[in-house]
Structure formats: structure tokens, C-alpha cells
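Structure first, then comments.
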Amino acid sequence: MAYILKGETGDWEVVIGLEVHAQVVSNAKLFSGAPTTFGAEPNSQVSFIDAGMPGMLPVINEHCVAQAVKTGLGLKAKINKCSVFARKNYFYADLPQGYQISQYDQPIVGEGAIVLDMPDGSTRAIGVERLHLEQDAGKSIHDMHPQKTFIDLNRAGVGLMEIVSKPDLRSPEEAGLYLKKLRSILRYLGTCDGNMEEGSMRCDANVSVRPVGSNELRTRCEIKNVNSVRFVMMAIEHEARRHIEVYDAGGTINQETRLYDANRDETRSMRSKEMAHDYRYFPDPDLLPLVLDDAFIAKLKSELPELPDDKKNRFVKDYGLTAYDADVLVSERENAQFFETVAKGRDAKIAANWVISNLFGVLNKQGKAIAESPVSADDLGALLDLLADNTLSSRMAKEVFEIMVDTGKAPGAIVEERGMKQVTDTGAIEAAVDKIMAENPDKVAEIRAGKDKLIGWFTGQAMKATQGKANPAMLAELLKKKLAP
Amino acid sequence: MSLDKATVRRIATLARIEVPEADLEPLAGELSGILGWIEQLQEVDTSAVAPMTGGTDVKLPWRADVANDGGMAEAVTANAPDAQGAFFTVPKVVE
């Protein structure tokens, strides 16, 4: 459904493009041998190259190149066999070189696409403009001293992939779906851990608005470094409303960089970036063009894992799942793997249902990832086997599942220990029913006289008499027969 | 190609070099002279040459993804004018 914002002068739509900085998973930095581990002692992971010492020369990390190409292949994008590193010149305290080594007009990866899975089950392709490799900057810490900013260069020089979308997104919701899908692809590929809290995935949003029905692209504002999916969505909505208010009042929007303040839910201009758009890019004389041969690309292509879209299609086709269920299961590779272990040799739809409704419910409540699940895939599978062979009714299975969550025990052991085996012996159920009928002749008479609702009372009594273990289907069948008028 | 005074002022600002107003005009002349000299390269016919960013036939060297550097915060900050602990410090950058 189209996302339309109402203004005083009419209806507006939002045009959004996202720039995502994804930290490359690697041991060493993009151009130096310093490590990339998060949370180390200040300046302990800095080489003289990262510190911008005179005379030091950058040498590119082959794994970072491979990671960028792999990501490009995962985005079904064009891989540029020749790309060029350029210097992006600006002054900032956490940029010791005085320039960032980036890529400008010849990036390593060209156009690709990300397919969004919309809540209604449909899909929508969003264009990817490019992906390029660049260095991260250091970290400025403003709250350690009243007059000084402290600088830690551990992050300086770490490899980043900047992934730029086309201005194809039309709502905060689509922007959120795009980020989640991109994160999912990166995590499947193992090229970025996608952790927004630790800053290994950061997002800038370019936002503009235009009257509904128009095709113009109006002046955009760039909102910098928003660090969660939810905040990106909130920042976009806020910024779009600000533009509409300005236009409604007859004003104009200036192209500028703005900062989102989540506490106040507002964006404000970053004056420090006023001159920043004149970066005077030029090819870095320290680095020759990056040339890739076909064998290098072909090898990476052959090593690609099954990606979320392909997995989703396979789940729908092979397991008969709905697009929505498949989508939920494939968003994290570990979840999909768990499901496939449970579903192996069993009814896949029932398996999907248990994993999504019951297990994910518990994990959400406990704030745990699938790796920390109190119930293993094999145990959940064993529970479904007990359900399938009628040892447990579905109500009992849910009870056993809760005990599994609490104790971590295997379902077989729980059933054994607590004597929870479902009664499927017709004789036993019949005996219980006969006894209840003999003790309550008045109720039997009433039901035979047409008071159908009493069947619930008989079911309850019979369940109570069998400690809840009677097979519900068999009991219903028996009651129907015995209480027939 | 020649540079005017305003352009020189802008370049100086971007490069964070303080140039007194009186020096802008002479500097514009000098820089234009340098550019003019380099512009002689335009006379070479390059219509049959593919664009290049360097003049050598050397391939870009690659390094293996091995962490074998760093671990020397003291050496890295040794020349810093006002290091505190293992940090560099600068006058407060206000956003």
C-alpha cells in the first residue's frame, strides 16, 4: 500500500535512498596488518599506516577484496574487473591521513538489486547503485574531558563496504525491510556481521519528498549515521514531515547533512559538514588500479552459499510453506538450518508451525538467539514424532514442550517420567465414559433430549478421569456414539 | 587554465592554509603558471591510449589477511602534542 503523507497543500510521497557502511569481516585492516577486533584497548590496534605517519605505504588486504566481490555476487551485481582507489580529502580529528582512501568513479561493484519481501507476500526489487571499498575513520570521544575530544584510532583503516541504493524506496517501512534484507544477505555471505549496535553496519538516509503523481526529484537531505533500523525509519518519517512543512509554508529545502537525535525525535543541521561536499577526489598515487581476473571471481562465485531468496523459494517449493512462513524462517541462516533439521523426514508444515509459533515465541520472550535455544532441533523433532505416532495429543505436546523449555530434557524422558502417554486404548476410554454415564443418568437423559451443549461437560469429565491423557479424537467419537439419542 | 583570486581563497580554506589577503593575487598568478606548464601535456596525442592512473606495468601488490601489526599505542602516540593515557586529544570537536 502506498505511503502518503498529508500536507496542507496536498498529498506527498517520500523518495529515499540509503547508503549503508558495512564493516568487512576480516582479521586485518584494509591496507595494514593491524587487527580489527572490537573493543580493544585504545590505540592498541593501530599501525603507522593507520596513524598516517609519513612515508608509510598502504598494501591492500586480499581477503577484503574477496569479501567485496562476494557481496557483489550476492547482490547479483556487476563486478568491475578494474577499479581505482581515490583519495577523499577532508579534515577531521579522527582522520589522521587528512584523506580517506575510497573509490570514486570506478568502484569494485556496479549495479545490482535487493528483493524486498513485503508483508502481504509480494516482492519488490530495489536497485543497488554501487558498492565500493573504503577505510573507516577513527573514533572521537567527546565526554571524557570538558575541553578536549579524545581520539582512538583502533577503527581507523578497517575495511568498509559502502553499499548505495538507488532512490527507489518509498516509505520508512520499505527502508526498514531493505536494511533487514541487506543485513540478512551480508550475514549469509559472512562478509559483515550486521551488528548495528557495535557500529559494524551504519546507515545514512537520503530523503526528499514530492507531490503524489510527480516524477521530479527534489532537493534531498542526508541524515548521517543512524544506528538502528527503527531509528532509520523514525528519522525518515520525521525528515519527510519537516520537508512538507517547509514546502507548505512556501520555503525551500537546502541540500545539507543532518543528524538524527532519537531522544528528541528530530533532525538538525550539521554545520561542520558545510564545506565537506568538496572532497577533491583524485586517484591515490600510492595504489595501482585493482585488477581482478576471471578465475578469482569464478572461484568466489562457486563458494557462494544458498542465499535467503533462493532458500525461501526452495522452502515454498519443496516444503509447501507459505511465502510468509518461509520468509520468517530464512531471515537468519541459523534459524533456517534449525527448521530443516526439525523438518527432516517429518511433516514440514507442522515443523514450521512449531518452530515459528512455539519456539520463536519462547526465544522472543527470553530474548535469546537460536544458538542459545533451550530446546535442540533434534529434541523438537522427537516431540513431533511423539505427536505423529499418537503418543501425545497436541495439547499434551504443548505441555511437554513447556517442560522441555524449562528443564532442557528430551521429550521421551519427560513422557516416561511423568507418565504422560496418551490413552489410545478404546477399552480404557470407554470404561471411563461408561462410569461417568452410570453416575450421571440425569445428564445423559438431558443430552439425549437435545441439550447438545452438555457434550462439553462429558468431554471434560472424561479428560479429568484419564488425567488428560485420553486421545481427544477417539474420545469425541466415542461420546458421539454413546450419547446418541 | 588559470585560477582567479576567489578560487585560490577557496582552495586555501579547504586545505586549511592561512593565506593573507595580499598574497592571494600573486599566488593565483604562480599557481596558474604551474598549471599552464603542466598543460603542455595536452599537446601529446593520446587518442590511441587507454586511460591510466599510473605509468608502470606493475600489478597492485596484495597482502594476506593476517593481523601482524599494531600493539604499540605508546609508539603511535609518541609524537602527539597532548596524549592522555593511550588517547590522542584535540580541542573539543562540538557537533
Side-chain angles (χ1 to χ4, degrees), chain A residues 26-29 31-37 40-51 53 59-66 84 89-94 96 138 140-142 144-154 259 270-272 275 278 280 283-285 287-291, chain B residues 1 3-4 6-19 31 34-35 38 41 46 49-95:
Chain A
S26 65
N27 297 317
K29 294 185 180 179
F31 294 111
S32 86
T36 58
T37 345
E41 289 299 306
N43 289 314
S44 66
Q45 305 195 144
V46 183
S47 76
F48 290 132
I49 300 165
D50 312 317
M53 296 293 176
V59 181
I60 195 156
N61 180 333
E62 62 178 8
H63 184 61
C64 293
V65 175
V84 172
N89 299 278
Y90 67 94
F91 288 104
Y92 207 77
D94 55 23
S140 298
I141 304 151
H142 303 290
M144 288 181 73
H145 191 283
Q147 283 95 36
K148 292 179 197 302
T149 293
F150 282 48
I151 310 287
D152 175 9
L153 297 180
N154 279 350
L259 205 63
M270 285 174 80
R271 272 194 221 106
S272 64
M275 294 282 274
D278 195 343
R280 294 146 294 141
D284 191 317
L287 290 157
L288 290 157
L290 175 59
V291 179
Chain B
M1 185 183 173
L3 299 175
D4 60 11
T7 309
V8 173
R9 188 187 288 121
R10 177 165 176 78
I11 295 169
T13 309
L14 286 168
R16 303 292 191 274
I17 297 173
E18 192 180 345
V19 181
L31 289 172
I34 294 170
L35 287 175
I38 294 169
L41 288 172
T46 56
V49 183
M52 59 174 86
T53 53
T56 57
D57 208 15
V58 183
K59 262 191 70 182
L60 177 71
W62 291 16
R63 71 159 73 230
D65 183 30
V66 179
N68 56 9
D69 207 342
M72 47 176 185
E74 221 166 293
V76 163
T77 54
N79 294 325
D82 187 21
Q84 302 213 2
F87 290 99
F88 295 91
T89 73
V90 295
K92 192 146 204 137
V93 183
V94 192
E95 220 28 285

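Predicted model only: the values in this text are computed from it and were never measured. Naming convention: chains lettered A, B, ... in sequence-line order (proteins, then strands); numbering from 1 in each chain. Atom set for the values below is all heavy atoms of this structure, side chains included, hydrogens, waters and symmetry mates excluded.
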### Partners passing salt bridge (Lys or Arg N to Asp or Glu O under 4.0 Å) against B:D82 (at least two apart in sequence or in another chain)
A:K148
### Message
Does any backbone or side-chain atom of A:Q147 lie under 4.5 Å from a heavy atom of chain B? Answer side chain, backbone, both or neither.
### Response
backbone
#### Entry: Which atoms of B:A83 approach chain A - backbone, side chain, both or neither, heavy atom under 4.5 Å
neither
### Task
Give the minimum heavy-atom separation between A:N154 and A:K29, together with the two atoms involved.
O-NZ, 2.9 Å
## Note on the structure
Here the pair of heavy atoms bringing A:N61 nearest to A:A28 is ND2-O, 3.3 Å
### Query
Which region of A:S140, side chain (C-beta onward) or backbone (N, CA, C, O), has a non-hydrogen atom less than 4.5 Å from a non-hydrogen atom of chain B, or is it both or neither?
neither
#### Entry: Side-chain heavy-atom pair A:I60, B:R63 within 4.5 angstrom cut-off
no
#### Entry: Options A:P285, A:G138, A:A34, ranked by heavy-atom pairs under 4.5 Å with chain B, top entry
A:A34
## Note on the structure
With chain A, the option among B:L60, B:D65, B:D69 that has the most non-hydrogen atom pairs under 4.5 Å is B:D65
### B:F88: partners by ring-ring contact (aromatic ring centres under 6.0 Å, His included), with sequence neighbours left out
none
### Task
Return the option, out of A:Q45, A:M53, A:E41, A:H63, with the maximum number of heavy-atom pairs under 4.5 Å with chain B.
A:H63
### Message
Could you report the tightest heavy-atom contact between A:N43 and B:F87, atom names first, then the distance?
### Response
ND2-CA, 3.7 Å
### Query
A:I151 versus B:V90: any side-chain heavy-atom pair under 4.5 Å?
yes
### Task
Give, as side chain, backbone, both or neither, the part of B:V66 having an atom under 4.5 angstrom from any heavy atom of chain A.
backbone
### Interface moiety of A:V59 toward chain B, non-hydrogen atoms closer than 4.5 Å
both
### Query
Between A:P146, A:P96, A:A40, which shows the greatest number of heavy-atom pairs under 4.5 Å with chain B?
A:P146
